[in-house]
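Here the structure is laid out as structure tokens; the discussion comes afterwards.
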Amino acid sequence: MSNVPANLKYTQSHEWLRVEADGTVTVGITDHAQEALGDLVFVELPEVGAHFDAGKELAVVESVKAAADVYAPLSGTVTEVNPAAADAPESVNQDAYAAWLFKLKPDNAADVNGLLDAAAYQAAADHE
Amino acid sequence: MLKKTVLNAAHRAMKARMVDFGGWDMPVNYGSQIEEHHAVRRDCGMFDVSHMCPVDVVGKDVRPFLSRLVANDVAKLKASGKALYSCMLNEAGGVVDDLIIYFLTDERFRIVVNAGTADKDIAWMQARLADWKLDLTITPRRDLAMIAVQGPNARAKVWEALPSTRAASEPLKPFFAAECGDYFVARTGYTGEDGFEIMLPAAEAEQVWNALAAAGVAPCGLGARDTLRLEAGMNLYGQDMDENVSPLDAGLAWTVALDGDRDFVGKAALVKNGSKKQFLGLVLQDKGVLRAHQQVVTPLGDGEITSGSFAPSLQQSIALARLPLGVQIGDTVKVAIRDKQLDAKVVKPSFVRNGKALV
């Protein structure tokens, strides 16, 4: 059973996000996603300052097996990326919720409310 | 309904992640594909390859039959137990399958064919047999399981777990096999490491699998099998070649015996068409991962990656690719990955052998 922390929000496409005190959101891929992909060997992060609409691909995670796009969970601008995840892709396998990928400043802070909570994500992941 | 090997329950008991592999429910890994890869390069790992099919060809016309059936020449098989890798071609020179032929006696050979192509292959052999009116029988051996034990310590671990096979298998040189009662032990494999491929009665497979595990052999899935064979520069049927690809364009000219008067299915087409592409290795010079079907851009025209992945033993990405004639080993070419064109170096398509990097 994969780990789905209750304090995070989720997308159908297996991103997690956490709302920070400064209004940005921190984004990564879920434990379920890393487990399905297997050993990660490459992470490509977006440019800081780039703007993405919700649902647009903005990062890539690749395992030995396959490449997977990471999508913007909501519309916003990239404020920071985590180079440690790109330098050590296996850190995402080890702890998908510690090895975040990027932070976004949402265009509209209320967009977070439209995302899945832990129970809804768990149900969606179980259904796959 | 997926087909299952006799070891299916054993894989599940070892927490394998199972996938649909050509209609078979097979383990892709038991946790970490990369750790399984390293186990084979550094120590010893085992693969359930019971989805592949041994086919016994028995009768007085076996040699003339195989001589016409496959592109390599079974006349090379002079010593009992010797194995020969070959393609079986269609009339157009495309590859019906690639297979290993073991010579046991002049009237008894064993062929091992791929899982996804087994039914097609056997039908193809039966049809040629009917056309040529030769005296032999073709018998698929689904009553056998097959376990590949690979790695520098593989043979020692097999002898520890299966001491009764030692006397027959210890003298074997690479690419030879021996029968040992109901067991068939071949010093062959698909990883670039030493080891054995063992065919045995299906009913005994689970006990043997568990005995090997108890001797310290790591269970390995098809994921590691793919990165190991890619590093070893070995072709994968359906990916690096298929019915529409000539072996001469898939790096398999060394397995095609065109010399002499011997005729075989597909020979005329190979002679007429020659080689139109070359099959070489690529090593990505940037970060990223090469994948099948990515386009390779060269000054002499475009090529295509047929197999690509991250190479755990090299810590960089490698690929097998069909490239225009004239591209040289040592050249730098471009590979289109998403919206970028990344540099890749052209190398001989053999990246790692016996634990040693060759590139």
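The sequence lines fix the lettering, A, B, ..., with proteins before strands; numbering per chain opens at 1.
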* Checking heavy atoms, do the side chain of Ser32(B), its backbone, both or neither come under 4.5 Å from chain A? ->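 Both backbone and side chain.
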Approximate separation, where rounding is to 0.5 Å, of [X] [atom1] and [Y] [atom2]:
| X | Y | atom1 | atom2 | answer |
| --- | --- | --- | --- | --- |
| Leu40(A) | Ile34(B) | CG | CD1 | 8.5 Å |
| Asn29(B) | Lys65(A) | CG | NZ | 6.0 Å |
| Phe42(A) | Ile337(B) | CZ | CD1 | 7.5 Å |

Side chain / backbone / both / neither for [X] at chain B, heavy atoms under 4.5 Å:
| X | value |
| --- | --- |
| Val60(A) | side chain |
| Glu44(A) | side chain |
| Ala66(A) | backbone |

* Closest heavy-atom pair and its distance - Phe310(B), Val41(A) ->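 Heavy-atom minimum between the residues: CD2-CG1, 3.2 Å.
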* To do: Give me the contact list for residues 285-298 of chain B versus chain A, heavy atoms only, anything under 4.5 Å, ordered by residue number.
  =>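 Answer by number: Lys287(B), Gly288(B), Val289(B), Arg291(B).
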* To do: Could you tell me whether Glu35(A) and Lys15(B) have a side-chain N and a carboxylate O separated by less than 4.0 Å?
  =>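 Not counted as a salt bridge, because no side-chain N and carboxylate O are separated by less than 4.0 Å.
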* Assess whether atom NZ of Lys3(B) is packed by more than 12 heavy atoms of other residues, nucleotides or ligands within 6.0 Å. =>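 Correct, the count exceeds 12.
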* To do: Count the heavy-atom pairs under 4.5 Å between each of Glu35(B), His37(B), Arg338(B), Gln315(B) and chain A, then report the option with the highest count.
  =>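 Highest number of heavy-atom pairs under 4.5 Å: Arg338(B).
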